[in-house]
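Below: one structure, written as structure tokens.
The figures here come from the full heavy-atom set of this structure, side chains too, leaving out hydrogens, waters and symmetry mates. Quick note on labels: first sequence line is chain A, next is B, and so on, each numbered from 1. Just so it is clear, the structure is predicted and the values come from calculations on it, not from any experiment.
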There are 2 protein chains.
Amino acid sequence: MPTEPLSRGRIVAAAIDLIEREGADAVSMRRIAAELGVGVMSLYNHVPSKDALLDGVAEAVLSEIEFTDEPGAHWTDRVRMQARAFRQIAHHYPRSTMLVVSRQLHSTAGLLPVERALATLRSAGFDGADAVRMLRMFIAYIVGSLLREVGVTPSFAPVHPRTIEAEGVDPALFPEVSSLAPLLDECDHEAEFEFGLELLIQAAVAHASRREGTR
Amino acid sequence: MPTEPLSRGRIVAAAIDLIEREGADAVSMRRIAAELGVGVMSLYNHVPSKDALLDGVAEAVLSEIEFTDEPGAHWTDRVRMQARAFRQIAHHYPRSTMLVVSRQLHSTAGLLPVERALATLRSAGFDGADAVRMLRMFIAYIVGSLLREVGVTPSFAPVHPRTIEAEGVDPALFPEVSSLAPLLDECDHEAEFEFGLELLIQAAVAHASRREGTR
DNA sequence: GAGACTGCACGTACGGTGTACGTATGTCAA
DNA sequence: TTGACATACGTACACCGTACGTGCAGTCTC
């Protein structure tokens with residue numbers, strides 16, 4: 001049985017699989033090679049370095065985002081949908097998402113989402129400068145949300161998110177924190193994300209109408 | 001001449017110094033020990049592990065944020081000031097900031113900012129749940145902005161932020177991206193941050209008055 | 001003082017890492 | 001047949017985090 005020949009795609013896939021199963025710390029060239037039943041150095045025939053491999057992982061994850069754009073919809077709905085699509089990767093690839101956000105990729109993989117987003121914002125009436133600013137604001141919010149959502153979960157952290165709030169804090173020093181501890185402890189990421197997203201969209205609407213007024 | 005005795009503080013300081021000078025990749029226990037003119041294992045008398053050391057770095061950086069709160073000011077001004085104070089770390093410790101945002105620290109070092117922020121939001125009239133949501137939204141935005149600002153700058157990346165936009169993109173496939181390339185290439189982080197911050201604050205104001213109206 | 005105990009600096013050693021380099025084995029072109 | 005070339009592999013090196021043992025300086029108890 002001729003084993004499927006090694007390829008960059010198979011290597012990247014194995015890396016993603018390994019990251020999701022055992023965390024980013026478990027990723028090493030030796031480990032990936034073992035996973036593929038292959039010698040370590042064989043990987044280097046398809047990938048120039050580990051760093052490039054991780055770039056490939058980020059690229060692959062990013063390119064799986066499903067953008068189902070509806071050009072007919074109101075621009076606020078389109079922004080909403082694009083933001084949600086972006087957040088989806090945190091569900092499909094929670095561990096790998098850290099890689100995506102913590103490496104600025106210098107490939108063109110992230111260009112299509114940018115193109116779509118800019119087109120949407122332009123169609124909403126924003127000029128170029130404002131569209132870019134808006135996009136950056138949304139990206140900052142989305143990335144920040146992802147970061148909270150996936151944490152870092154170094155390896156096998158017992159997903160329990162540490163109820164440090166509820167126990168060790170001095171109510172005299174931190175009255176607000178300790179009184180709001182139950183709320184701080186729990187976090188419905190979905191709901192939190194939607195809350196901020198709606199506020200941002202409304203802020204964008206307000207900004208748009210303000211520009212409209214001064215025109 | 002009795003050299004100053006080793007201590008956790010000196011080790012953390014050396015680590016921060018090294019990170020800022022040569023990047024996070026350069027940090028190793030051996031390197032830090034050499035920097036301090038000391039044996040590698042001596043470090044372990046003051047720090048239980050490298051991971052704990054990095055937690056210490058994050059904690060130290062975070063605790064240097066200067067919060068000059070003015071309880072008399074309008075709450076929007078107080079939010080503005082607190083957000084800016086947070087962003088300052090990106091200027092003082094650009095490389096170390098990556099550590100702060102990419103590790104969720106389980107110490108109480110980040111609790112004081114949280115306390116201040118919650119108090120401010122409560123004073124603005126938000127109930128507990130809304131205050132927590134607002135805080136999370138602001139944090140997401142701030143962290144996301146920091147992440148864009150500091151990138152990852154792996155080691156000695158020649159700070160030139162890659163004018164990939166202006167050169168290699170096909171105008172037919174990415175019309176918006178290529179027409180807005182000049183705007184996408186440059187980025188005044190200060191101005192971008194302020195733009196989003198103002199929008200968020202206005203969104204918060206709108207949300208507050210909306211709640212006011214439904215009361 | 002003598003002895004014991006403690007804390008800190010240190011060296012050695014082990015298993016792991018990324019990857020440079022040389023080598024073997026195929027599969028095609030001439 | 002004879003190369004040329006792509007690919008898989010093994011060895012080797014420098015570096016990593018850190019477990020463990022050793023020795024020395026001080027400090028406390030009799």
Side-chain angles (χ1 to χ4, degrees), chain A residues 1-19 21-58 95-96 98-99 102-103 105 152-157, chain B residues 1-19 21-58 95-96 98-99 102-103 105 152-157:
Chain A
M1 142 191 164
T3 75
E4 180 132 2
L6 213 46
S7 73
R8 181 188 157 95
R10 284 189 63 208
I11 296 175
V12 169
I16 293 178
D17 198 57
L18 185 58
I19 292 175
R21 282 204 331 272
E22 308 197 15
D25 292 3
V27 175
S28 78
M29 299 304 266
R30 283 170 171 79
R31 193 80 169 66
I32 294 173
E35 212 81 6
L36 290 166
V38 112
V40 190
M41 294 315 290
S42 309
L43 303 177
Y44 286 88
N45 289 320
H46 306 270
V47 161
S49 70
K50 182 186 183 183
D51 227 51
L53 199 172
L54 296 183
D55 281 343
V57 168
R95 318 288 264 274
S96 308
M98 270 307 284
L99 275 181
S102 64
R103 327 172 61 78
L105 56 160
V152 60
T153 44
S155 277
F156 283 133
Chain B
M1 143 194 161
T3 75
E4 180 132 358
L6 213 46
S7 72
R8 182 186 156 95
R10 284 189 63 208
I11 295 174
V12 169
I16 293 178
D17 199 57
L18 185 58
I19 292 174
R21 278 202 335 270
E22 308 197 15
D25 292 2
V27 176
S28 79
M29 299 304 267
R30 285 171 168 79
R31 195 80 169 66
I32 293 173
E35 212 83 4
L36 290 166
V38 113
V40 189
M41 293 315 289
S42 308
L43 303 177
Y44 285 88
N45 289 319
H46 306 270
V47 162
S49 71
K50 183 186 183 183
D51 226 51
L53 198 172
L54 296 183
D55 281 341
V57 168
R95 318 289 261 276
S96 308
M98 272 306 285
L99 275 181
S102 63
R103 331 171 57 77
L105 55 159
V152 61
T153 44
S155 278
F156 283 134

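A heavy-atom distance below 4.5 Å is found between the side chains of Val38(B) and Leu6(B).
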Between protein and nucleotides 13-24 of chain C, map the contacts as a letter string: B base, S sugar-phosphate only, - none, heavy atoms under 4.0 Å, written 5' to 3'.
-> B---BBBBB---

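Partner Ile16(B) forms a side-chain contact (heavy atoms from CB on, under 4.5 Å) with one of Ile11(B), Val27(B), Val57(B) and no other, that one being Val57(B).
Taking atom CG of residue Leu43(B) and atom C1' of nucleotide dC16(D), one finds them 14 Å apart after rounding to whole Å. Between Asp25(A) atom CG and dG17(D) atom P the separation is 13 Å, expressed in whole Å. What separates CG of Asn45(B) from P of dA25(D) is a distance of 16 Å, to the nearest Å. Atoms CZ (Arg8(A)) and P (dA6(D)) sit 18 Å apart, rounded to a whole Å. One can place CG of Leu36(B) at 10 Å from P of dC10(C), the figure rounded to the nearest angstrom.
One finds the CE atom of Met41(B) at 9.0 Å from the CZ atom of Arg30(B) (value rounded to the nearest 0.5 Å). Note that the OG atom of Ser7(B) and the CG atom of Leu36(B) stand 9.0 Å from one another [nearest 0.5 Å]. Here NE2 of His46(A) is found 9.0 Å from CZ of Arg10(A). Values are rounded to the nearest 0.5 Å.
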When you look at Ile32(A) and Leu53(A), which way does the side chain to side chain contact (heavy atoms under 4.5 Å, CB included) test go after all the steps?
-> CA-CA 11 Å; Ile32(A) 294 173; Leu53(A) 199 172; 3.9 Å; yes

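Look at His46(B) and you won't find any side-chain N or O under 4.0 angstrom from OP1 or OP2 of dG7(C).
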